[in-house]
Amino acid sequence: MKELLKSLPKRDRDLTNDPLWYRNAVFYEVMVRAFHDSDGDGIGDLRGLIKRLDYLAWLGVDALWLPPFYPSPMRDGGYDVADYRGIDPRYGTMRDFEKLIKEVHKRGMRITIDLVMNHTSDQHPWFQASRTDPDGPYGDYYVWSDTDQKWTDARIIFTDVETSNWAWDAHREQYYWHRFYSHQPDLNFENPAVQQEMFDIARFWLKKGIDGFRLDAVPYLFEDEDNSGENDPRTHQFLRDLRKMVDTEFPGAVLLAEANQPPHEAAEYFGTEEEPECHMCFHFPVMPRIFHSLKAEDATRLREVLHDTPVPPAKGQWSTFLRNHDELTLEMVSEDERHQMFDWYAPHPQMKAHTGIRRRLAPLLDNSEQALELAHALILSLPGTPCLYYGDEIAMGDNVWLPDRDSVRTPMQWTPDRNAGFSDADPGALYLPTVQSLLFHYNGVNIERSLMQPTSLLFWMRRFLKARAEHPAFSDGGYKDVPSDNPAVFSFLRTHEDESVLVAMNFSTHQSSALLTLEDYAGGKVKTIISKTPFQDVGDDGTLRLTFGPQSFYWLVVKHA
Ligand code: BGC
């Protein structure tokens with residue numbers, strides 16, 4: 001395997017000098033503990049990740065996103081931070097992390113990390129001090145109250161485990177506010193000292209050379225009776241200040257908002273051109289609609305949500321994604337759609353978590369090659385920067401018998417050997433077991449095997465990532481809906497300067513045909529993107545008739561006549 005990885009051609013793209021790098025990058029979410037274990041203790045680590053960087057560079061990934069690797073009791077996958085400036089010893093040392101940054105940059109890639117500002121672990125020294133010494137310097141670091149009847153309109157996020165956003169602390173004899181698990185008390189952003197801490201922590205990591213942050217759970221920083229604890233104007237002000245600091249002191253570094261909100265509220269996290277907030281925002285409304293449209297075999301709802309999506313201010317960019325380390329959240333769809341999606345995608349109760357579905361991409365799409373390619377082609381061509389989830393490039397499976405979202409956080413599958421080549425440890429010592437289900441066993445689903453097969457999804461991904469990088473219309477182009485007479489066929493144009501890319505996709509699991517209307521391109525020449533060969537011209541009446549195989553699609557360049 002080592003030899004095989006070494007023989008892969010090197011990457012020839014360098015994004016380290018481009019201040020707008022995030023606009024034409026492909027991100028890859030990689031959990032340190034899940035990727036590669038270099039010391040045989042059963043837990044992935046930073047040195048292991050360094051060893052696998054050449055693979056990611058070969059694949060065509062431009063930027064990494066690392067979920068939290070800070071010291072943590074690990075009751076919420078590390079999102080329960082106990083020390084904002086440390087590296088959990090299970091993953092290595094600060095030196096290892098500094099080496100990782102260097103190695104990433106050496107390959108022309110970028111690295112972003114999670115910044116969890118809304119809450120800490122209850123084991124964080126600040127919280128311990130706050131509960132035991134209310135009059136001390138940390139007494140006001142968290143949101144304390146004598147009553148649990150305040151802000152009762154704020155929704156409970158982990159509805160299946162929590163019954164209130166307040167929890168009682170027997171020592172301080174007061175309630176504390178928490179939007180997630182009760183062991184994750186919310187920080188009090190009304191306290192200027194807390195805001196200052198966050199600026200200092202951001203500076204600490206940026207000085208080390210990272211290229212930005214994913215801002216975890218960002219809508220919940222400030223709470224107020226009037227806004228159900230979300231999207232408070234003071235949260236936006238805080239983000240404007242943070243952006244100003246980042247742009248001035250660390251130009252080129254990015255802020256990526258995790259704001260699971262409807263299109264307009266999510267877009268507010270970009271701020272405006274004059275007063276920007278985040279460079280990027282995950283597109284939470286579009287993600288579940290992709291899954292809905294695929295099963296419904298109807299693109300109407302997807303077209304609607306894209307129609308409702310505001311165009312970000314200059315320098316802003318959405319981030320599209322299919323899956324990540326969390327459940328496939330269904331908070332952004334209507335109640336009817338949610339029921340429908342639970343019926344379609346979560347037939348067993350074990351598959352549900354919170355308001356979503358805790359399954360990986362390949363099992364969700366019935367491991368269908370066409371559907372996997374179609375879904376990826378979609379996030380690679382919609383407006384925004386795509387963010388991939390480790391393992392999805394080889395159609396890794398999940399394990400819904402593991403608790404909570406661990407179902408989708410199992411070890412990366414490198415080879416058919418012991419522990420899928422992830423670790424030399426005794427299999428019982430792994431942080432989570434490898435996937436051994438009948439369909440997705442690591443014997444058959446692994447990088448080594450994918451590299452042996454030129455027609456594998458892995459090679460497909462590499463080819464399409466490369467094609468995307470060669471066409472700036474995908475990263476910088478505008479978006480225009482292209483009418484089609486078949487609701488199963490989704491079509492749009494991405495136009496940048498004098499290049500227009502036409503994307504047309506058949507969501508039906510049967511053969512289909514559609515008449516597309518491209519008035520501005522009457523008589524225009526058409527070429528395929530992947531094979532770069534001439535295709536049929538647009539008719540003189542501005543229409544183009546396309547026929548499709550089941551769940552197939554076209555990426556085409558269209559020129560004016
Ligand atoms: C993360 C989750 C985490 C939650 C609380 C998020 O949105 O993605 O994994 O449980 O924040 O920190």
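Whatever order the structure lists them in is the order used to number ligands and atoms, beginning at 1.
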[X] heavy atom under 4.0 Å from ligand 1:
X    : result
H119 : yes
R75  : no
Y181 : no

Ignoring hydrogens and angles, state whether a donor on the side chain of [X] or [Y] is under 3.5 Å from an acceptor on the partner side chain.
X    : Y    : result
E268 : N231 : no
Y142 : T120 : yes
Y442 : N419 : no

Sub-4.0 Å atoms of ligand 1 with respect to non-hydrogen atoms of [X]:
X    : value
F158 : 10 (O)
F180 : 4 (C), 5 (C)
H325 : 1 (C), 2 (C), 8 (O), 9 (O)
R405 : 2 (C), 3 (C), 9 (O), 10 (O)

>> Could you measure the distance from the CZ atom of F189 to the CE atom of M198? Nearest 0.5 Å is fine.
In response: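 It comes to 5.0 Å.
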>> Treating T112 as the side-chain partner and R214 as the backbone partner, does any N or O pair qualify as donor plus acceptor under 3.5 Å?
In response: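 No, T112 side chain to R214 backbone: no donor-acceptor pair under 3.5 Å.
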> Using a heavy-atom cut-off of under 4.0 Å, does the side chain or the backbone of R214 touch ligand 1, or both, or neither?
Replying inline: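 For R214, the contact with ligand 1 is made by the side chain alone.
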> Heavy atom under 4.0 Å from ligand 1: found in Y220's side chain, backbone, both, or neither?
Replying inline: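 The answer is neither.
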> Under 6.0 Å from the six-membered ring centre of F204 and within 45° of its axis: does the NZ or CZ of R85 meet both?
Replying inline: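 Yes.
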>> When you measure from the centre of the six-membered ring of Y390, is the NZ or CZ of R360 closer than 6.0 Å and no more than 45° off the axis?
In response: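 Positive - R360 is close enough to the ring of Y390 and near enough to its axis.
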>> Which heavy atom of D326 sits nearest to which heavy atom of N324, and what is that distance?
In response: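 Shortest heavy-atom separation between D326 and N324 comes out as N-OD1, 2.8 Å.
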Who's the nearest protein heavy-atom neighbour of [atom], and how far?
atom                    : value
atom 6 (C) of ligand 1  : D216 OD1, 2.9 Å
atom 9 (O) of ligand 1  : D326 OD1, 2.6 Å
atom 7 (O) of ligand 1  : E258 OE2, 2.6 Å
atom 10 (O) of ligand 1 : D76 OD2, 2.7 Å

> Using the ring of each side chain (for Trp, its six-membered ring), is W151 parallel, tilted or perpendicular to W177, with breaks at 30° and 60°?
Replying inline: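 Plane angle over 60°, so perpendicular.
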